[in-house]
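Both counts, for ligands and for their atoms, begin at 1 and track the order of listing. Here, residue 1 is the first one in the sequence, and each next residue gets the next number.
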Amino acid sequence: MKRILIIGATSAMAKGCARAMAEQGHSLFLCARKMAEIEELKHDLLARGAGSVSAMTLDINNLSRHKAVLETAYQELDGLDLVLLAHGTLPNQQQCEQNVDKTIEALQTNAVSSIAFLTRVANQFEQWGQGTIAAISSVAGDRGRQSNYVYGAAKNCLTTYLQGLRNRLDKAGVRVVTIKPGLVISPMTADFEKGPLWASADDVGRRMARVLLEGKQDVVYLPGFWRWIMMAICMIPETIFKRMSLG
Ligand SMILES: NC(=O)c1ccc[n+]([C@@H]2O[C@H](COP(=O)([O-])OP(=O)(O)OC[C@H]3O[C@@H](n4cnc5c(N)ncnc54)[C@H](OP(=O)(O)O)[C@@H]3O)[C@@H](O)[C@H]2O)c1
């Protein structure tokens, strides 16, 4: 039975992941901004067979609360095996281009807050010599595009941070997993026109749980075909790519 902390636990993908984890009897500590939604999720997870479910509210941008959240999760779960960061926002690219504050806010929520939280988790897990750290980055971080490069830059920053962390913590026996979803149907993408490349958040979340609990991978594209799409996109020479307008 694993003891799991999820930040951004009410995200559509995190819910799918938590449901799969609960069905295997694992114990969960949920953090999100909306208590009513956390409570609803908590009941659902207990009904599915979770070993235990406890929760507390957290705005991840409130960095001064990170230490207390980690300590409380540790106490409630009687230890900690896995930490998953699933929070995120998709900023309006055009607004970011016109407004520095919006750009900084997007970088803060999607990169800085995660790095701040994981700095604490990493030191703790390194000291214990065990644990799994996972965070949801994005295929958007693999190559900057005019349609969402502020979000992409934040996710790229997170991806690079996780890569370095993995390189540091491998020798301590700590696993660091980077999850890169493609196009996923969730509240974040509610306004987007959907097509054949889109996956359901529940399905992606459940695949994520399998990777974290049973897999050995370091970097995971979800669904897996995004690895090949992004490989092809990254191979396009910059002189050509700069003239293209991918959505
Ligand atoms: N959907 C996609 O196509 C896609 C693709 C690649 C990667 N991703 C990434 O996948 C992750 C999950 O997103 P999703 O698609 O499942 O969307 P979602 O359902 O909209 O989830 C986003 C979650 O982030 C939380 N959040 C935002 N700001 C926060 C803050 N300051 N403190 C705490 N929680 C905060 C939101 O909480 P509130 O409800 O309180 O706002 C919400 O629960 C995100 O990291 C996203 O960037 C999504």
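- For ligand 1, the atoms lying closer than 4.0 Å to a non-hydrogen atom of Thr10 are 43 (O).
- Protein heavy atom at the shortest distance from atom 34 (N) of ligand 1 is His87 CB, 3.7 Å.
- In terms of protein heavy atoms, atom 7 (C) of ligand 1 is closest to Ser137 O, 3.3 Å.
- Residue Ser11 has at least one nitrogen or oxygen atom sitting less than 3.5 Å from a nitrogen or oxygen atom of ligand 1, judged on distance alone.
- Counting protein heavy atoms only, atom 32 (N) of ligand 1 is closest to Ile60 N, 2.9 Å.
- Heavy-atom neighbours of Glu214 CD from other residues, nucleotides or ligands within 6.0 Å: above the threshold of 12.
- Between the side chain of Ser11 and the backbone N or O of Ala14, at least one donor-acceptor pair lies under 3.5 Å.
- Considering backbone and side-chain atoms alike, Met13 places an N or O below 3.5 Å from some N or O of ligand 1.
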Please list every donor-acceptor pair under 3.5 Å in which a side-chain atom of residues 229-247 meets a protein atom from a residue at least two apart or in another chain.
unit_1: Glu238; atom_1: OE1; unit_2: Arg143; atom_2: NH2; d: 2.5
unit_1: Arg243; atom_1: NH1; unit_2: Thr239; atom_2: O; d: 3.3

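- Taking every non-hydrogen atom of Ser138 and a distance limit under 4.0 Å, the qualifying atoms of ligand 1 come out as 6 (C), 7 (C).
- Taking hydrophobic clusters as Ile, Leu, Val, Met, Phe, Trp and Tyr residues chained together by side-chain heavy-atom distances below 4.5 Å, Ile6 shares a cluster with Val220.
- For ligand 1, the atoms sitting less than 4.0 Å from at least one non-hydrogen atom of Pro187 are 19 (O), 20 (O), numbered in the order shown with element in parentheses.
- Between Asp142 and Lys180 there is a salt bridge, since a side-chain N of the basic residue sits under 4.0 Å from a carboxylate O of the acidic one.
- Taking atom 19 (O) of ligand 1 as the reference point, the nearest protein heavy-atom neighbour is Ala12 N, 2.9 Å.
- Taking distance alone, with nitrogen or oxygen atoms compared against 3.5 Å, Pro181 stays at or beyond that limit from ligand 1.
- Taking 4.0 Å as the cut-off between side-chain N and carboxylate O, Asp203 and Arg207 count as a salt-bridged pair.
- Here is the list of ligand 1 atoms found below 4.0 Å of a heavy atom in Asn61: 31 (N).
- Atoms of ligand 1 found under 4.0 Å from any heavy atom of Thr89, numbered from 1 in the order shown, are 27 (C), 28 (N).
- In the vicinity of Asp59, heavy-atom distances shorter than 4.0 Å reach the ligand 1 atoms 30 (C), 31 (N), 32 (N).
- Looking at heavy atoms from C-beta onward, Leu5 lies out of side-chain contact with Leu84 at the 4.5 angstrom threshold.
- With respect to atom 22 (C) of ligand 1, the closest heavy atom belonging to the protein is Gly88 O, 3.5 Å.
- Every atom of ligand 1 is numbered from 1 in the order shown, and the set under 4.0 Å from a heavy atom of Thr189 is 1 (N), 2 (C), 3 (O).
- Glu126 has no carboxylate O lying under 4.0 Å from a charged side-chain N of Lys171, or vice versa, which leaves the two without a salt bridge.
- Of the candidates Lys15, Glu105, Arg33, Arg33 brings a heavy atom nearest to atom 37 (O) of ligand 1.
- The pair Asp81-Arg3 counts as a salt bridge, with a side-chain nitrogen and a carboxylate oxygen less than 4.0 angstrom apart.
- Hydrophobic clustering (side-chain heavy atoms under 4.5 Å, transitive across Ile, Leu, Val, Met, Phe, Trp, Tyr) groups Leu82 together with Ile136.
- Annotation: atom 20 (O) of ligand 1 to nearest protein heavy atom, Met188 N, 3.3 Å.
- Of all atoms in ligand 1, numbered sequentially from 1 with element shown, those under 4.0 Å from a heavy atom of Leu58 are 32 (N), 33 (C).
- Contacts between Ala86 and ligand 1, counted as non-hydrogen atom pairs separated by less than 4.0 Å, involve the backbone only.
- Using a non-hydrogen distance threshold of 4.0 Å, Cys31 does not register as a contact of ligand 1.
- Closest to atom 47 (O) of ligand 1, if we only count protein heavy atoms, is Tyr151 OH, 2.6 Å.
- A distance of 6.0 Å or more separates the ring centres of Trp228 and Phe225.
- Note on Glu23 versus Arg19: no salt bridge recorded, every NZ/NE/NH1/NH2 to OD/OE distance being 4.0 Å or above.
- Some N or O of Val184 is nearer than 3.5 Å to an N or O of ligand 1, by distance alone.
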